[in-house]
Amino acid sequence: MHALRSISNVIDIVTLPFAIILCYNGVKFCVVNKKHKELEEPLLQENGQEDSSAFTNAGIWNRVTFNWLNPLFELGRAQKLEFNHVPSIPESEMAGEAVLLLEESIYKQKTRVSVLPKAIIHAVRRSLAINAVFAGVNTLASYMGPILITSFVNYLSEDASDSNYRKGLILSCIFFLAKTVESLSQRQWYFGAQRIGIRIRAALIVLIYKKSLSTKYGTTSNGKIINLINVDVEKIGEFFWHIHGIWLLPVQVLLALIILYMNLGFAPSMAALVSTVLVIISNTPLANMQKDFQTKVMESKDSRIKATSEILKSMRVLKLHSWESNFKKKLIDLREKERNWLKKYLYTCSAIAFLFWTSPTLVSVSTFGVCIFLKTPLTPGVVLSTLATFRILQDPIYNLPELVSMVAQTKVSLDRIKDLITEHDGRQSIEAPSSEGSNVAIEIEPGEYAWDTNDLDQRRPTIKISTKMTIPKGYKVAICGSVGSGKSSLLCSILGEIPRVSGGKIRVFGSKAFVPQSAWIQTGTIRDNILFGRQMDKGFYDEVVDGCGLARDFETLVAGDLSVVGERGLNLSGGQKQRIQLARALYNASDVYLLDDPFSAVDAHTGAHMFEKCLINLLHQKTVVYVTHQLEFLSASDLILVIKDGGIVQAGKYSDLVEDPTSEFARQIAAHSTSLNQVTPPNETRARTTFSQAVERIHEPSRSKGGSLETMPQEESQSGRVKFSVYSTFIMSAYKGALVPVILICHTLFLALQMGSNYWMAWATEDEVQVNSRMLVGVFVLLSGGSSVFILVRAVLLSTIAIETGQNLFLQMITSVFRAPVSFFDTTPSSRILNRSSTDQSTVDVDIPYRLAGLVFAIIQLLSIILLMSHVAWPIFVLCVIIIAISLWYQAYYITTARELARMIGIQKSPIQHHFAETISGASTIRCFNQEVRFLSKCLSVIDNYSRVTFHNTATMEWLCVRINFLFNLVFFILLTVLVHLPRSSINPSLAGLAVTYGLSLNVLQAWVIWNLCNVENKMISVERILQFSNIPSEAPEVIENCKPDPNWPTRGQIELIDLHVQYHPALPTVLRGITCTFPAQKKIGVVGRTGCGKSTLIQALFRVVEPTKGRILIDGLDISKIGLHDLRSKLGIIPQDPTLFQGTMRSNLDPLEQHSDHEIWEVLNKCRLAEIVRQDKRLLDTPVAEDGENWSVGQRQLVCLARALLQKRSILVLDEATASIDTETDNVMQKTIREETSRCTVITIAHRIPTIVDSDLVLVLDQGEIAEYDSPQRLQHDGSSAFSKLVNEFLRRSM
């Protein structure tokens, strides 16, 4: 009775301070909550200002307990957390501040060798030092337990007395104090490390961005950049979690040796040191292997992401050609290479894990073996203290290979980033002297320019300027020449985008504006694209919009110029993209304009309108250098430069150049005349005056190719808990979950044998028990050895599951993505798919399986410790149930906020990748417009948004851990006080000591369980995101077995359109309205109409990219909607508007399915005038093609696409602006080739050049999605009132 009363008194005394604290917090919460209830909502709306300093202004107590997060938790509990609810980050974590510190630090480093690692350490040295203090305090506090265990077990063996009670309570209080200091210092250490990681990650991303922005276009691959910011930068950020392990390892080993020396003496502690060193040494080769495999995994991942990025950009072309299956196989092959390295890496990790769990056994056996040999006296207290020391020593032994691996991985990542940052950007500085007081706009010194001076491939022309040239202000300079002659390269050399090999500089006086040949459009509104960072001047803006022929496009859009453009302008037609970027250049109001073939993507009337309004009127006082293939635009120029093989072969006025009949220019003019002669003028008087009315008729509202321009869907994210189905899918995806129970059994047996071996050592060393030394060590080795075997089996099976699960989820997602309709790719930025393919896939491959397993293992271990403690003192069981219930309540309270923060991390990362991808592709334009600062500030903004959610996500985790740690420290303290007050007769000192030994790790283990419980849910969001893209609604089946066409279908090629109606979405207007006509077999049909009138939609309906809402399309009498997509598309040929090449060789681009011989390939190369160009490279058909075909001109790319189509020999061929970017002479040759090669084909041609269409058998004129005219071109031309006739007249008037 007395004993129970005293226990009660002790418990009351101990719990009083905590009861007061809890009471105070509860009352304060209620009062504050009630007092400010009415103010809560407005404050939430204004959260940016009020909450921004929540962390900065927090006091010491709030920082230690993370109470500054309470308002965020209350908000997350009350409603779904949105991004605008998250407070901003402290200034020190902001990207601008972080990169400033790092750049200063790099500048201060004297030596260039390994400057980046030193600079990073120097930049965060103060934070690192503070962090090191917390790490040191944590380590010292963690070793208090083993020191005190001997005293406590010895105390339990003594007789009970009042003075002993006091001693026991003092020991208990010291234990509790040490555990509290350990817990709090660990939380501050980890949070500090994460803050440093956030800072360095932000700084490195900005450095990479700055480099990407300053490096010449096409040098840095998109895939590599994505991997650098997704994987390498993250790896370096994580390293600061581990960095203190480098100096803590020897400190921990030293502390362990001191405890062992105090308990066992010199020789056994030396034995422990030697065996520890041996374990560490045996880990080294494994760690080296792990590093090598990690490097290989990263390299193979680079290749896969690069290929994925390229495939996603070209998905429309792949689907039109029905090649997606072959490219999917290529991607799976790349993944297989990555998987092979991943296997080796993960199995090496298994070997290291086995060594980790076996290390305490090896050290224990050697130490106790020496003790027995030297007859060192062993008592339960000494044994348990030693075992507790070994358990703590296990962490640094385990952490060493992980640390070595982490250092190795970080070094690999640092080297990759350093290589990029220190890489020469290849740009020559172009002097931009003031234009005041000078009449010269551009001064060109003689010199040579080459795209890549290191490249053996000299096929691409080097620009050779042999005479000095000055271009006066206000001059209009036209550049013309055949395909691949170097026209775009000359513009790039003026811009300073090509390295100068030799000679003088090019000086541009005044500001520049550039319109590239391949349109570069940003995601955002059309207005934002035109303003491009400048202030709105409504009058000038309207003038520019009208000049570029965009006013009518805006009228037909609900949101006008505020309509949102998709990624890379995917939902705009080629003509619209070209006009928007011309408007961007005009609105910039620069001094010098460089326009690369701006009229090729627009129809004849729009081209004439733009030339008249823009070049002649708006830019009449400006200097304009423009490349063009439309020779009709040359006569208005002040100077013409004729380019051939990279050199300027002629320069002069139009009238002077035409006088030399043998010149290159005369040859091109002759070709232009030949082209004009094809267009026979009608007998009637050319009704030029009525042309504008005709244009009104064929001016169709601009519609998007892929859907509405009004909205760009935000990235979807689930809300609430991660569904159980996500977990079950993940667990069952490898071998239907068959290996899971085997792993759990292995772990349970391991724990049982490990506890048994520890209890055996404590029990067998008691005074009353007589066990000989051989049996003592023998049983210990047997039990420990058995536990190690189960650990090995567990580690290997876990790696096997990880490999299989990652692969299965990857295949599911990639299959779903490749089967998605084209509209999905038009409305989904590729960064979202790449994010899942890189970050989320990496998490699934090497993180989630181990994290999920670690959680289950920790729960089993926790339960076993609670059972052991309850066995020693049953009241502990009741207490543990209560504490676990409180912990679960905390966890539920925490997870509502943390889950949404974790989801935001994935969502906020995509804009960083998207901004990078957009910047890399438009770097030359950004530099030309001097917009680097604006783009950099946008980069800083998206990085800060990402850091903001990462910072608070990390802090919320620590908030939870502080509370859970305290609760379980309390359990441990109460266990000790109960043991102090229990009668000695009812206590087995060995068992009680064992309970205390295991109880030492209780707070860490419980925090680990709760932390992992939350972290697993956060990480499972990666699986959720992958599964989200594994269930994309797919397009029609590739093959319908019971409705397969004849292998030779279509034999004739007749196409019938019957009452065809098409709309992209039920909410959008109908684009094609009741089209009924027949394209006769083996005839040439030209399709004309204003930009966006439904020409492309008609082609998309033919290829079933968009399905008709009403009506049918019959090919040779077969309804195409009844057959599989592969059967349809593989029988049709197309040369798309945007010429697409893939990284690889010329052979792989012409014949990706490897169905043709070299002889056939050379045949089509000759016909397309490409053979000579290809032969210039000694690798011939293995001539390399860079990413996006960047080492070939746009005109050459169009020729390659033409050669590709001719090689396929289809009976129906569609030409969608197939020759827009090639000169008239080459176009004439191409048209002749097409006529000869497709004499037995049905050819549908969409073209803006009248000569391309005029020799067709039939012409279809579309007007607002309906048939305006459909007849032979001769009849239409002879009808003076026909829209086609007026279109021809305007073309002839403009061209003469």
Side-chain angles (χ1 to χ4, degrees), residues 221-227 230-231 296-343 567 733 803-822 824-825 828-846 913 917 1022-1023 1025-1032 1034-1035 1038 1125-1126 1129-1130 1140-1145 1147-1155 1184-1189:
S221 95
N222 213 344
K224 186 177 179 184
I225 292 288
I226 287 164
N227 247 0
N230 267 352
V231 183
K296 294 291 184 186
V297 167
M298 293 307 300
E299 285 171 0
S300 51
K301 194 190 293 289
D302 268 357
S303 304
R304 177 173 64 81
I305 297 297
K306 193 175 178 182
T308 309
S309 174
E310 190 174 42
I311 287 168
L312 291 175
K313 275 192 270 186
S314 314
M315 190 57 86
R316 176 181 287 272
V317 171
L318 297 183
K319 284 191 174 287
L320 290 174
H321 286 292
S322 194
W323 287 345
E324 65 265 45
S325 300
N326 299 75
F327 278 78
K328 184 178 89 174
K329 185 177 178 300
K330 176 186 170 186
L331 208 54
I332 290 169
D333 289 344
L334 287 170
R335 168 66 185 177
E336 196 56 44
K337 285 180 190 170
E338 181 188 351
R339 184 178 172 226
N340 288 335
W341 289 117
L342 201 58
K343 263 185 196 173
E567 186 180 22
S733 65
I803 293 158
E804 191 64 22
T805 303
Q807 186 69 358
N808 288 344
L809 287 174
F810 172 79
L811 291 174
Q812 278 179 42
M813 178 176 72
I814 218 72
T815 303
S816 173
V817 166
F818 272 77
R819 288 290 299 123
V822 172
F824 170 78
F825 300 97
T828 307
S830 58
S831 60
R832 291 184 193 168
I833 304 170
L834 287 170
N835 214 343
R836 285 162 173 81
S837 194
S838 57
T839 313
D840 293 324
Q841 188 62 46
S842 287
T843 308
V844 168
D845 283 338
V846 295
Q913 293 179 13
S1022 288
V1023 179
R1025 282 159 57 80
I1026 286 174
L1027 291 176
Q1028 194 182 30
F1029 275 21
S1030 300
N1031 298 300
I1032 304 163
S1034 62
E1035 54 185 358
E1038 288 188 312
L1125 290 181
H1126 177 76
R1129 292 170 181 169
S1130 62
T1140 304
L1141 299 191
F1142 306 95
Q1143 188 168 20
T1145 64
R1147 182 189 277 108
S1148 67
N1149 269 279
L1150 288 170
D1151 184 24
L1153 309 190
E1154 298 174 4
Q1155 295 173 333
V1185 175
E1187 190 175 359
D1188 297 330

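Bear in mind that the values here come from a model prediction, so they are computed numbers and not experimental data. Below, each value reflects all heavy atoms present in this structure, side chains not excepted, and no hydrogens, waters or symmetry copies.
Remark: the backbone N or O of Val297 is paired with a side-chain donor or acceptor of Ser300 at under 3.5 angstrom. A distance-only check finds no donor-acceptor pair linking the side chain of Ser1148 to the backbone of Gly1144 [under 3.5 Å].
Residues Gln1028 and Arg836 have side chains in contact (heavy-atom distance under 4.5 Å, counting atoms from C-beta outward). Side-chain contact between Val817 and Met813: present, with at least one pair of heavy atoms (C-beta onward) separated by less than 4.5 Å. Between Leu834 and Gln913, the closest side-chain pair of non-hydrogen atoms falls below 4.5 Å.
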Name the atoms and distances for all side-chain donor-acceptor pairs under 3.5 Å in residues 320-332, with sequence neighbours left out.
{"from": "Ser322", "atom 1": "OG", "to": "His1126", "atom 2": "ND1", "distance (Å)": "2.7"}
{"from": "Ser325", "atom 1": "OG", "to": "Glu1038", "atom 2": "OE2", "distance (Å)": "3.2"}

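Looking at Gln807 and Arg335, their side chains do bring a donor and an acceptor atom within 3.5 Å of each other. Side-chain atoms of Gln1155 and Asp1151 include no donor-acceptor pair closer than 3.5 Å. Lys301 and Ser838 share no side-chain donor-acceptor pair at under 3.5 Å. Judged purely by distance below 3.5 Å, without hydrogens or angles, the side chains of Asn808 and Ser733 never pair a donor atom with an acceptor atom.
Rounded to the nearest 0.5 angstrom, Leu809 CG and Leu1027 CG are separated by 6.0 Å. Distance check: Gln841 CD to Thr308 OG1 gives 10.0 Å after rounding to the nearest 0.5 Å. From Leu342, atom CG reaches atom NZ of Lys296 across 15.0 Å, with rounding to the nearest 0.5 Å. In this structure, CZ in Phe824 is found 12.0 Å from OG in Ser1034, a value given to the nearest 0.5 Å. Considering CD1 of Ile1032 and OG1 of Thr815, their distance stands at 10.5 Å, rounded to 0.5 Å. Taken to the nearest 0.5 Å, the OG atom of Ser303 stands 6.5 Å off from the CG atom of Leu334.
Considering only residues two or more places apart in sequence or on other chains, Phe818 meets the ring pair (Phe, Tyr, Trp, His ring centres under 6.0 Å) condition with none of them.
Geometrically, Arg316 does not engage Phe825 in a cation-pi contact, judged by NZ or CZ lying under 6.0 Å from the ring centre and within 45° of the ring axis.
Taking the charged nitrogens against the carboxylate oxygens, Arg1147 and Glu1154 have no contact shorter than 4.0 Å, which rules out a salt bridge.
Among Glu336, Glu338, Glu310, Glu299, the one residue that satisfies the salt bridge (Lys or Arg N to Asp or Glu O under 4.0 Å) test with Arg304 is Glu338.
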Checklist entry - Passes side chain to side chain contact (heavy atoms under 4.5 Å, CB included), Phe1142 versus Leu318? Steps please. => result CA-CA 11 Å; Phe1142 306 95; Leu318 297 183; 3.4 Å; yes

Next on the checklist: Show, in sequence, the C-alpha distance, side-chain angles and deciding distance for Arg1025 and Asn835, and conclude whether the side chain to side chain contact (heavy atoms under 4.5 Å, CB included) test is met.
Outcome noted: CA-CA 10 Å; Arg1025 282 159 57 80; Asn835 214 343; 3.8 Å; yes

Item to check | Stepwise side chain to side chain contact (heavy atoms under 4.5 Å, CB included) test for Phe810 and Asp845 | outcome: CA-CA 10 Å; Phe810 172 79; Asp845 283 338; over 6 Å; no

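Scanning all heavy atoms of the two residues, the minimum distance from Ser1030 to Ser816 falls at C-OG, 3.3 Å. The nearest pair of heavy atoms linking Ile305 to Ser837 is CD1-O, 3.8 Å.
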